[in-house]
Each structure stands twice: as C-alpha cells, then as structure tokens.
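First listed ligand is number 1; within each ligand, the first listed atom is number 1.
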Amino acid sequence: MDLYAFELGRKKELCLAELLAVLGEENLVEKNLDTAIFRLNETQTKNLQGLQNSLGGTIKIVEIFAEGNQIKETVKKYLEENFKDITGKIPFSVTILSQKNPDEVLIKTLLISSKKILKELGLNSRFVNQNSKNTKPSTIYKARVVEKGVDINIIYGIKNTYIGKTVAIQNIDAYSLRDFDRPKRDAKVGMLPPKLAQIMINLALPQAKEKETIYDPFCGTGVIPMEGLLLGYDVIGSDIDSRMVEYTQENCDWLIKTFKLEKPPTFRTFKNDARFLAKTDLPEKITAIVTEGYLGPALTKFPTEEEQEKTFRELANLHLNWLKQVHTLTPKDVRIVTCLTAFKKSTSIIHFPRFKELANLAGYKIENTYSYDREDQIVVRDIVILTKI
Ligand SMILES: C[S@@+](CC[C@H](N)C(=O)[O-])C[C@H]1O[C@@H](n2cnc3c(N)ncnc32)[C@H](O)[C@@H]1O
C-alpha cells in the first residue's frame with residue numbers, strides 16, 4: 001500500500017495547496033475534513049520525516065496500512081504482527097481524523113482492546129489519550145509516540161475508512177527555535193511564522209528541482225531566506241533598511257550553524273529599495289520570488305476608512321513599482337508568492353482593493369489567493385500567487 005494521509009494545519013485550503021504543489025495534483029486520492037490522502041512514490045517515502053519537515057502546512061503524516069470498516073480486527077492484527085518482537089513500555093495513542101465529532105466510544109474501545117493485545121505480547125503500554133478524546137499532535141510529539149510506540153489513526157474519508165499509523169510529525173521544537181530563538185527579531189517589521197514562509201516557498205516552486213534560487217526583496221529579519229536555506233535552495237535577500245539586511249545576514253549564519261547544514265546552499269544580502277532594482281543587483285538566475293512585502297504601518301486599533309484608503313493607496317504604489325521592476329529582471333516562468341495587506345474586524349475581512357488590475361498593469365496575473373488570518377490580528381495577510389502574463 002502506498003497511500004499516505006496528511007493532517008492539514010489550521011488554514012486547510014492553503015495547506016492543501018502546498019501539498020498539491022509539492023506532491024503533484026495527479027497524486028491526490030481524496031481531500032477530507034482535515035486530511036488529504038496522497039499516493040506517494042518510492043522516492044517520496046524514503047525520508048518521510050524529511051518530507052514532513054519541509055511542509056509548513058502538514059501536522060503529521062500517516063501511513064495507511066488498511067482500508068475498510070473492520071477497524072477493531074484490523075488494529076488487532078496490525079499490533080500482533082508488528083509488536084511481537086518488541087520489549088519494554090511503549091507510549092500508545094489512537095486518533096480519529098476527518099470526523100466532525102471524533103467517536104469517543106471507538107477511541108475508548110480501541111485503547112482498551114489494544115492495551116490487552118499488547119499485554120498478551122508481553123508489552124506494557126501507556127495511553128497518551130486522556131478521557132477517550134483525541135490527543136493533540138503536540139502531546140504525541142512530546143511523548144515521542146512516533147519513535148517509541150505507535151499512534152493509530154482512523155480516517156473517515158469520503159471514499160473509504162482508512163486505518164494507519166503516524167510515521168512523521170511536526171517538529172514543534174525546531175519551529176519554535178527558528179521562530180523565537182533566532183538572534184534577531186523585530187516585532188515592528190512583523191512576525192512571519194516560519195511555517196507560513198515554508199508554505200509560500202513551496203507554492204512558488206511546484207515540483208521544485210534541486211537547484212533553485214529564491215529572491216526576497218523585502219527580507220526584514222530573514223524568515224523567508226532562512227526557510228529557503230533549510231529547504232536546500234540558494235537565497236538572496238534585500239531590504240531598504242540596512243539594519244534589516246544585517247539581521248537577515250546574522251540569522252542566516254545562525255541557522256546554518258544551529259541546524260548544522262552540511263554543504264549549505266549559498267545566500268547573500270544587499271541593501272536596496274525594491275522599487276529601484278537594477279540588472280546588476282541580480283546577476284543570478286532567479287527561479288522564484290517569495291516575499292512578505294511591506295504590509296503598512298503596525299496598528300493598535302482598527303483603522304478608520306480614511307486610514308485604510310491611505311494605506312492601500314501607498315501600498316498600491318509600492319506594489320506596482322516593485323512588481324514592474326522584478327518583471328523586467330526575471331525569466332518568464334518565475335512565479336511570485338507575496339502577501340497583501342487586509343484588515344480584519346471580527347469575522348469580516350477588508351481585502352486589498354483592485355489588486356488584479358494592478359498586477360495586470362505590472363505584467364502579472366493572479367493564479368490564486370489564500371487568506372491567512374489569526375484571531376487577534378487587525379492586519380492580516382492574503383497570500384497571492386502571481387505568474388507573468
Ligand atoms: C513585513 S516586513 C518583512 C518581514 C520579514 N518577512 C521577516 O522575516 O522579518 C517588510 C520589510 O520591507 C522593508 N521595506 C519597506 N519598504 C521597502 C522598499 N521600498 N524596498 C525594500 N524594502 C522595503 C522594511 O524595511 C521591512 O523590513
């Protein structure tokens with residue numbers, strides 16, 4: 001069986017788009033409430049934790065070992081076949097995916113029956129689930145269930161019920177290290193989450209080849225260049241503010257050391273206004289432009305209509321000019337993934353007005369847009385994918 005389920009992160013549509021870009025649309029078997037099932041080839045399954053680490057929008061990867069409704073019997077058979085030669089105490093969990101209200105009776109039944117089977121095999125098991133509820137992925141990660149024990153998943157798909165075990169899980173420590181412990185942070189320039197930077201890079205380079213060069217013309221503290229390096233790509237970052245250029249440089253140096261990147265890809269930074277780029281600034285063959293862009297002034301309260309208009313007007317000018325510049329300096333097939341400012345008030349979002357016309361004027365068309373918002377934020381990001389007309 002070569003089916004794998006990918007548990008999607010918070011913004012499901014965006015997380016699925018990343019998977020389609022990386023794994024290929026033709027390999028999608030089905031998309032459910034909170035998972036997407038893909039058929040993977042041999043190369044893709046060689047290093048599943050590596051694949052997981054490269055996907056900002058996937059919470060965990062589950063290897064499907066059976067399909068159908070004989071859940072209890074299938075899990076019993078799986079445990080008997082796979083745990084007979086193992087000794088010691090193992091952490092164990094059961095997760096139900098793609099079911100609106102996970103069936104707690106089933107979780108409890110599976111936990112009790114599995115404990116009994118494991119005991120008969122001479123193994124002590126420790127449930128990670130509490131009160132027959134699904135366990136948070138972070139708890140599964142912290143209890144090292146994937147390495148030391150087993151997390152059994154029942155996935156209620158549209159076409160079938162799938163049964164599988166978690167084979168890779170989001171490394172929350174590595175994300176938090178990059179996010180909070182990098183040497184340079186600056187709350188004023190915004191805090192692009194490393195996971196979102198990864199998603200944006202993957203969207204910009206569908207079916208990426210080994211040799212890719214990413215350019216971020218608004219690099220700030222360097223989250224996109226850092227994630228680009230980790231994914232194995234050469235990166236270039238520039239910013240109008242020389243302090244930011246230094247920050248990116250220092251953060252990238254730190255990343256290479258801290259994450260012990262062997263044969264690290266190359267990176268360079270320079271100071272520049274993205275509206276006035278020259279050919280000599282970018283002698284390399286750029287294969288993707290990934291940037292958060294400038295989002296406008298930081299806000300503490302919701303902007304008035306006039307303030308919104310002013311920000312949109314200023315940003316329209318900036319976007320038109322930098323897009324025109326990179327249009328002349330990059331080959332035809334270079335995609336841009338950038339963020340547009342939007343304002344969020346409770347559940348409604350005011351999006352950037354007339355961006356389609358602006359992008360067309362600069363020589364680009366919009367391939368797709370995905371909103372990325374958080375509950376407590378006023379300024380939110382619309383992720384937009386642009387290709388040359
Ligand atoms: C939202 S921040 C980017 C944050 C970045 N993603 C990070 O990881 O920290 C926007 C950046 O754009 C820069 N900027 C603003 N106007 C610019 C321009 N015209 N050209 C180049 N950079 C500009 C700012 O100095 C700021 O660092």
Shortest protein contact, [atom] (heavy atom only):
atom	answer
atom 20 (N) of ligand 1	Ala274 N, 2.8 Å
atom 19 (N) of ligand 1	Asp273 OD1, 2.9 Å
atom 1 (C) of ligand 1	Val189 O, 3.0 Å

Determine, for [Y] and [X], whether the Lys NZ or Arg CZ falls below 6.0 Å from the six-membered ring centre while staying within 45 degrees of the axis.
X	Y	value
Lys165	Tyr78	no
Lys60	Phe6	no
Lys11	Tyr372	no
Arg178	Phe259	yes

Got a salt bridge between [X] and [Y], using NZ or NE/NH1/NH2 to carboxylate O under 4.0 Å?
X	Y	answer
Glu367	Lys365	yes
Asp333	Lys388	no
Lys76	Glu80	yes

For ligand 1, find out whether one of its N or O atoms is nearer than 3.5 Å to an N or O atom of [X].
X	value
Asp241	no
Leu192	no
Ile240	yes
Asp216	no
Asp239	yes
Tyr294	no

Those atoms of ligand 1 less than 4.0 Å from some heavy atom in [X]:
X	answer
Thr221	7 (C), 8 (O), 9 (O)
Val223	8 (O)
Leu318	19 (N)
Pro217	21 (C), 22 (N)
Asn272	20 (N), 21 (C)
Gly293	1 (C), 2 (S), 10 (C)

Side-chain heavy atoms under 4.5 angstrom apart, residues restricted to Ile, Leu, Val, Met, Phe, Trp, Tyr: same cluster for Val223 and Leu203? yes
Is it the case that the ring center of Phe312 lies less than 6.0 angstrom away from the ring center of Phe343? yes
Test side-chain contact (heavy atoms from CB on, under 4.5 Å) applied to Ile107 and Thr135, Ile154, Ile152, Asn134, the passing residue: Asn134
Mind checking whether Cys219 has a heavy atom under 4.0 Å from ligand 1? yes
At the 4.0 Å heavy-atom cut-off, does Ala197 count as touching ligand 1? no
Would you indicate which of Arg381, Met244, Glu292 comes nearest to atom 4 (C) of ligand 1 when only heavy atoms are counted? Glu292
Hey, is the main chain of Ala274 close enough, under 3.5 Å, to the side chain of Asn272 for a donor-acceptor pair? no
